[in-house]
Amino acid sequence: MKKIYSFLLLAAFTLAFSACSDDQDQVGSEYSRESTVKVTSSNLVFSAAAGTGTLVFEAPSTATVSVDTQWASAVVNGNKVDVSVKKNPKLEGRSALLTIKCGDDSTQVTVQQRGMMFKYGGETS
C-alpha cells in the first residue's frame, strides 16, 4: 500500500511541476513583443492649478498622440509631447490616459492632477 501511495504522490508532483512551465520564453508570442515607442522622460504630475508638462519619447517614425479626457490636451512636437491641463476645481485628484501611437505600435502613460487643497488662515479659538 505504501508503494502505491508513494507512486501516486510522485506522479502528482511530476504533473504539478510540468504544468508550471514558463510560457513567456516562446518565440513569436504577440504578448512578449516589446514596443518600438519608448518614453525616455516625463513630467506629467500636476498640481490642481492649470499647467503644462513635457514627455520625451523615441519612435521609429512620426507619432500621433491622444488623451482620453476633456481636461487635458496633448500635442506632438518632434520627439516631445507637450501636455496642458485645465484647473481642477474639485478636492479629488484625477487621472487620464495619454496614448502615443506610431504605425501599429503604441504606448500609454498616465497623466495625474491633484485636487484643490484648502488652508484656513483665520483665527483659532
Only counting residues at least two apart or in another chain, list the ones meeting salt bridge (charged side-chain N to carboxylate O under 4.0 Å, His left out) with Glu34. Lys38
Exercise answer: donor-acceptor pairs, residues 90-108 side-chain atoms, under 3.5 Å, sequence neighbours excluded:
unit_1	atom_1	unit_2	atom_2	d
Arg94	NE	Gln113	OE1	2.9
Arg94	NH2	Lys86	O	3.1
Arg94	NH2	Lys87	O	3.3
Arg94	NH2	Gln113	OE1	2.9
Thr99	OG1	Gln108	NE2	3.3
Asp105	OD2	Thr36	N	2.6
Asp105	OD2	Thr36	OG1	2.8

Residue list, side-chain contact (heavy atoms from CB on, under 4.5 Å) with Asp82, at least two apart or on another chain: Thr54, Asn77
Take Phe46 and Asn88, measure what side-chain contact (heavy atoms from CB on, under 4.5 Å) needs, and give me the verdict at the end. CA-CA 10 Å; Phe46 300 93; Asn88 184 2; over 6 Å; no
Out of the candidates Val76, Thr40, Val65, Val109, only one should pair with Phe57 under the side chain to side chain contact (heavy atoms under 4.5 Å, CB included) rule; please name it. Val76
Side-chain hydrophobic cluster, 4.5 Å single linkage: members besides Val75: none
Option among Val39, Leu55, Val85 that satisfies the side chain to side chain contact (heavy atoms under 4.5 Å, CB included) test with Leu44: Leu55
Which residues pass the side chain to side chain donor-acceptor pair (under 3.5 Å) test with Lys80, sequence neighbours left out? none
Partner set under side chain to side chain donor-acceptor pair (under 3.5 Å) for Thr69, not counting sequence neighbours: Trp71
